[in-house]
Engineer: 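Encoded as structure tokens, here's the structure I'll be asking about.
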Amino acid sequence: DVDPLADSAPPRYAIESDEEDEYNPLQKLSPKTSSPLEMKVVGDLSSNRPLIVVSGNAGQYWAKGSSLGEQTGAVYVNDTQVGLVFTPSRSKSTIIVSETFARLPVVNMHSYAEKLVEHLKPSSIVLLDTYPTPIYVTSQPIALQDAPIRYLSTHQVDHTISSLAERFSPPNFVHSTTSAALMTYVASTPQTTSRPDFKATLLLLPFPRIPTPAPKILGRSDFSHLTEVEYQWSEVMMNIIQKLLFVAVGENPDAWHTPLNSSSSKSSVNVFVKAQVPIDDGMYI
């Protein structure tokens with residue numbers, strides 16, 4: 001009788017074996033050295049002005065409905081455009097729409113925050129970003145349509161902010177690492193005679209999704225995602241965030257208007273809609 005098991009050809013690993021054939025869970029992969037961050041800010045920008053940095057989904061949608069005027073500068077990281085700079089005549093602030101076309105890797109975010117602050121030398125910083133409502137920890141569950149604007153600050157905020165927004169409280173943490181890096185940098189920067197009262201405020205809009213992880217490497221500027229489904233907050237909520245942004249820098253805001261190419265209404269309901277590609281390649285918002 002023929003035993004099929006005994007007469008079958010032995011597997012390859014029974015004949016020969018080397019390191020390429022075997023997985024060793026104890027073997028440590030050699031860490032990849034990150035490329036040094038080379039950041040440049042293009043444009044004739046004044047220092048010692050309030051700095052407003054709006055990022056990601058919140059920044060993209062806010063910029064579409066705010067009268068920012070003509071782009072006056074840009075922020076490049078390793079030759080990739082990461083931010084658009086605006087200096088509207090109605091405001092004394094420098095406004096940066098950050099990471100709308102390219103996201104920074106985590107390893108570069110602290111350096112980005114440090115170089116941005118050191119280059120512009122702002123008198124104060126206000127940030128706009130989002131927080132994911134599905135995983136935000138509260139004592140009682142909060143429906144998305146009832147989720148409030150939240151804030152985090154390095155100082156005592158104006159009463160307008162504390163009355164229209166709720167404090168971002170532990171054990172939650174800021175998922176947007178760029179905003180977290182900027183807040184951390186400001187909080188850890190010692191007070192100096194040139195900046196004796198350097199402050200930062202982070203305003204967070206509720207967002208129904210958990211943000212995707214940051215990329216491992218910095219890619220090229222990508223405009224294709226502008227055609228994807230984006231989240232649009234109500235005009236009511238956006239006018240509140242508009243007010244809070246400029247109150248934080250001591251200014252009176254203009255009204256925020258729902259973008260003309262938006263499908264959302266002026267109700268208090270936040271919706272998903274299909275965004276349209278801008279015609280002018282982002283030079284005007």
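As the structure is a prediction and not an experimental result, all values here were calculated from the model.
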Engineer: Please answer: with hydrophobic residues joined when any side-chain heavy atoms are less than 4.5 Å apart, are Val82 and Met39 in the same cluster?
Structural biologist: yes
Engineer: Got a sec: does the CD1 of Ile217 have more than 12 other heavy atoms crowding it under 6.0 Å?
Structural biologist: no
Engineer: Heavy atoms only: give me the nearest Asn57-Trp233 pair and the separation to one decimal.
Structural biologist: O-CZ3, 3.9 Å
Engineer: Taking the side chain as everything from C-beta on, heavy atoms only, tell me whether Arg150 gets closer than 4.5 Å to Asn172.
Structural biologist: no
Engineer: So if you build clusters from Ile, Leu, Val, Met, Phe, Trp, Tyr with side-chain heavy-atom gaps below 4.5 Å, do Leu202 and Val106 land together?
Structural biologist: no
Engineer: A side-chain contact here means heavy atoms from C-beta on lying under 4.5 Å apart; do Tyr151 and Val157 qualify?
Structural biologist: yes
Engineer: Kindly say whether Thr258 contributes a backbone atom to a donor-acceptor pair with the side chain of Glu235 at under 3.5 angstrom?
Structural biologist: yes
Engineer: Side chain of Asp129, backbone of Leu204: donor and acceptor closer than 3.5 Å?
Structural biologist: no
Engineer: Taking a hydrophobic cluster as the set of Ile, Leu, Val, Met, Phe, Trp and Tyr residues connected by side-chain heavy atoms closer than 4.5 Å, whether directly or through intermediates, do Tyr76 and Ile96 fall within one such cluster?
Structural biologist: no
Engineer: Quick one: CG on Leu152 to CZ on Phe173, what's the gap to the nearest 0.5 Å?
Structural biologist: 13.5 Å
Engineer: First locate atom OG of Ser176, then atom CE of Met109, and finally report the distance between them rounded to the nearest 0.5 Å.
Structural biologist: 7.0 Å
Engineer: Go through the steps to decide whether Ser153 and Phe168 satisfy the test side chain to side chain contact (heavy atoms under 4.5 Å, CB included), and finish with yes or no.
Structural biologist: CA-CA 9 Å; Ser153 183; Phe168 190 86; over 6 Å; no
Engineer: Which is it for Leu68 and Arg90 under the side chain to side chain contact (heavy atoms under 4.5 Å, CB included) test, yes or no, and what are the steps along the way?
Structural biologist: CA-CA 9 Å; Leu68 299 180; Arg90 61 178 173 80; 4.3 Å; yes
Engineer: If you take the centroid of each ring, where Trp contributes its six-membered ring, are Tyr61 and Tyr231 closer together than 6.0 Å?
Structural biologist: no
Engineer: To the nearest 0.5 Å, tell me how far His119 NE2 sits from Leu51 CG.
Structural biologist: 11.0 Å
Engineer: Determine whether Leu144 and Met237 fall in the same hydrophobic cluster, where Ile, Leu, Val, Met, Phe, Trp and Tyr are linked whenever their side-chain heavy atoms lie under 4.5 Å apart.
Structural biologist: yes
Engineer: Does any part of the side chain of Leu205, heavy atoms only, come nearer than 4.5 Å to the side chain of Met238, both counted from C-beta?
Structural biologist: yes
Engineer: Is Phe207 close to Pro132 at the side-chain level, that is, under 4.5 Å between some pair of heavy atoms?
Structural biologist: no
Engineer: Of the non-hydrogen atoms in Arg49 and Ser93, which two are nearest, and what is the gap between them?
Structural biologist: NH2-O, 3.0 Å
Engineer: Does the side chain to side chain contact (heavy atoms under 4.5 Å, CB included) test come out yes or no for Thr201 and Leu244, once each step is laid out?
Structural biologist: CA-CA 10 Å; Thr201 302; Leu244 299 184; over 6 Å; no
Engineer: Closest heavy-atom contact between Arg103 and Thr212?
Structural biologist: NH1-OG1, 2.9 Å
Engineer: For a 4.5 angstrom cut-off between non-hydrogen side-chain atoms, does Lys40 reach Asp79?
Structural biologist: yes
Engineer: Classify the ring geometry between Tyr185 and His110 as parallel (under 30°), tilted (30 to 60°) or perpendicular (over 60°).
Structural biologist: perpendicular
Engineer: Would you check if Leu128 and Ile52 make a side-chain contact, meaning some heavy-atom pair closer than 4.5 Å?
Structural biologist: no
Engineer: Does any non-hydrogen side-chain atom of Phe246 lie less than 4.5 Å from one of Asp254?
Structural biologist: no
Engineer: Please confirm whether the backbone N or O of Ala200 pairs with a side-chain atom of Thr154, one donor and one acceptor, at under 3.5 Å?
Structural biologist: yes
Engineer: Determine yes or no for a side-chain-to-main-chain donor-acceptor pair under 3.5 angstrom, with Ser66 supplying the side chain and Trp62 the backbone.
Structural biologist: no
Engineer: Quick check against the 3.5 Å criterion: does Ser162 have a side-chain atom that pairs as donor or acceptor with the backbone of His159?
Structural biologist: yes
Engineer: Say you draw a straight line from CD1 of Ile240 to NZ of Lys243; how long is it, rounded to the nearest 0.5 Å?
Structural biologist: 8.5 Å
Engineer: For the CD atom of Gln145 and the OG1 atom of Thr133, what is their distance to the nearest 0.5 Å?
Structural biologist: 10.0 Å
Engineer: Which distance, rounded to the nearest 0.5 Å, do you find between the CD1 of Ile241 and the CD1 of Ile149?
Structural biologist: 4.0 Å
Engineer: Could you report the tightest heavy-atom contact between Leu127 and Met183, atom names first, then the distance?
Structural biologist: CD1-CG, 3.7 Å
Engineer: For Asp146, is the CG atom crowded, meaning more than 12 foreign heavy atoms sit under 6.0 Å from it?
Structural biologist: yes
Engineer: Any chance you could lay out the side chain to side chain donor-acceptor pair (under 3.5 Å) test for Thr178 and Ser55, step after step, and finish with the verdict?
Structural biologist: CA-CA 8 Å; Thr178 302; Ser55 303; over 6 Å; no
Engineer: Looking at every non-hydrogen atom in both residues, tell me the closest pair between Thr94 and Ser46 and how far apart they are.
Structural biologist: OG1-O, 4.3 Å
Engineer: Begin with the C-alpha distance, continue with both residues' side-chain angles, and end with the deciding distance and a verdict on side chain to side chain contact (heavy atoms under 4.5 Å, CB included) for Ser98 and Tyr112.
Structural biologist: CA-CA 11 Å; Ser98 180; Tyr112 173 76; 3.0 Å; yes
Engineer: Say whether, by atom type as modelled, one donor and one acceptor occur between the side chain of Glu99 and the main chain of Leu104 under 3.5 angstrom.
Structural biologist: yes
Engineer: Quick check: closest heavy atoms across Pro88 and Ser67, and the distance to 0.1 Å?
Structural biologist: CB-O, 4.1 Å
